[in-house]
Amino acid sequence: MKFKTKGLVLKQQNIGERDRLVWVLTEDRGILRAFARGAKNIKSPKCAGTGLLSYSSLTVFEGRDSYSIDEAEALEQFVGLRQDIENMSLAQYFCELCLHLCPEGQESKEHLRLVLNSLYFLSHKKRPALQVKVCFEMRLITLCGYMPDLVMCASCGVYEAPEMVFVPSTGKLYCASCAERLGIHGSRLPLAAVTALRHTVYADFEKLFAFELKEELLAPLSLSSERYVAYMTQKDYPTLQFYKSMLQ
């Protein structure tokens, strides 16, 4: 049976001299693992459409226990990423997160929309890279069922305090006074950073990337979000470590 879909190539692996095995995040079937025969040949019409970080229109044949790509047309290749090693490494971290968190065999339009928008902002440098990273991490983890509780202090119920403490191991928020009284340790964030963190989880998607935060607050916010992802998924991400090494 053949079907058509659109998706983003998250990972590719060369098979022999001519073929590729690719992992694609599709809009209607989630993560799909498929063979693309002859795609390694630069003259093949499937070459560009099955390349890493290509968003493509695909014609897929579904066999008994495997998929194969018959046609692949690249719709967007995020060329700007390939000219910036830091942003390219961050994009690969996004791909690794998707491979680990996104479902297989299920409709995944929101997941795909999130990663495509994130790659667009990175590729065109429309937002600071760390801001895009926080938006992507927190919204993806929320889509995948790990929404943190950022509404108010988990102890006293206060909504705003000059400084609050986000606990990555639980996803809960405390005002600084309660955190000190209870002996709770976590990421200490000023109110502006807390507001931004709430935005990444609760804002309408159309407004997800539309906030401004002082540059000096992006680093601690980014550290908070990546720690939350690590705790919730119980996994280390080599691509994240490589990205962070680029920043040193």
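Note that these values count all heavy atoms, side chains included, but never hydrogens, waters or copies made by symmetry. Only a predicted model underlies this, so the values are computations on that prediction, with no experimental measurement involved.
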Counting only N and O atoms by type, is there a donor-acceptor contact under 3.5 Å from the side chain of Y202 to the main-chain atoms of L150?
yes
First locate atom OG1 of T5, then atom CG of L112, and finally report the distance between them rounded to the nearest 0.5 Å.
8.5 Å
Sub-6.0 Å ring centroid separation between Y228 and F166
yes
Strictly distance-based, threshold 3.5 Å: is any side-chain N or O of K133 a donor or acceptor partner for the main-chain N or O of S222?
yes
Residue pairs meeting ring pair (Phe, Tyr, Trp, His ring centres under 6.0 Å), one or both in residues 21-72, sequence neighbours left out, come to none
Test log, rule side-chain contact (heavy atoms from CB on, under 4.5 Å), inputs L189 and S224:
CA-CA 9 Å; L189 300 172; S224 299; 3.8 Å; yes
Strictly distance-based, threshold 3.5 Å: is any side-chain N or O of E104 a donor or acceptor partner for the main-chain N or O of I31?
no
CG of L97 to CG of L114, rounded to nearest 0.5 Å, is 10.0 Å
Give a yes or no on whether K40 atom NZ has more than 12 heavy-atom contacts from other residues, nucleotides or ligands under 6.0 Å away.
yes
From R127 atom CZ to Q131 atom CD, the distance as rounded to the nearest 0.5 Å
6.5 Å
G51 backbone acceptor or donor facing S54 side chain under 3.5 Å:
yes
For E27 and K109, what are the C-alpha separation, side-chain angles and deciding distance, and is it a salt bridge (charged side-chain N to carboxylate O under 4.0 Å, His left out)?
CA-CA 4 Å; E27 58 187 6; K109 287 184 179 179; 5.7 Å; no
Please confirm whether the backbone N or O of G80 pairs with a side-chain atom of S123, one donor and one acceptor, at under 3.5 Å?
yes
Are the side chain of R29 and the backbone N or O of Q106 linked by a donor-acceptor pair below 3.5 Å?
no
Output for pair (S89 OG, L81 CG), nearest 0.5 Å, gives 10.0 Å
Donor + acceptor pair across side chains of T50, R20 (<3.5 Å)
yes
Would you say CD of E180 has more than 12 non-hydrogen atoms from neighbouring residues, nucleotides or ligands within 6.0 angstrom?
no
Looking at K2, K46, K4, R37, which hits salt bridge (Lys or Arg N to Asp or Glu O under 4.0 Å) with D70?
K2
So, taking the atom named CE in M138 and the one named CG in L143, what distance separates them when rounded to the nearest 0.5 Å?
11.5 Å
Answer with yes or no whether the side chains of S56 and E73 bring together a donor and an acceptor at under 3.5 Å.
no
Taking the six-membered ring where the residue is Trp, are the ring centres of Y93 and Y243 under 6.0 Å apart?
no
Could you grab the distance from atom CE of M164 to atom CE of M152, nearest 0.5 Å is fine?
10.0 Å
Is the backbone of L52 close enough, under 3.5 Å, to the side chain of Q12 for a donor and an acceptor to pair up by distance?
yes
Are S169 and R227 linked by a side-chain donor-acceptor pair shorter than 3.5 Å?
no
Aromatic ring pairing Y120/H124, orientation class (parallel under 30°, perpendicular over 60°, tilted between)
tilted
Honestly curious: do V22 and F78 fall in one hydrophobic cluster under the side-chain, below-4.5 Å linking rule?
no
Is any side-chain heavy atom of H185 closer than 4.5 Å to one of V167?
no
Treating H199 as the side-chain partner and L208 as the backbone partner, does any N or O pair qualify as donor plus acceptor under 3.5 Å?
yes
Is there a donor-acceptor pair closer than 3.5 Å between any side-chain N or O of D204 and the backbone N or O of E206?
no
Looking only at atom types and distance, does a side-chain atom of Q234 sit under 3.5 Å from a main-chain N or O of Y231, one as donor and one as acceptor?
yes
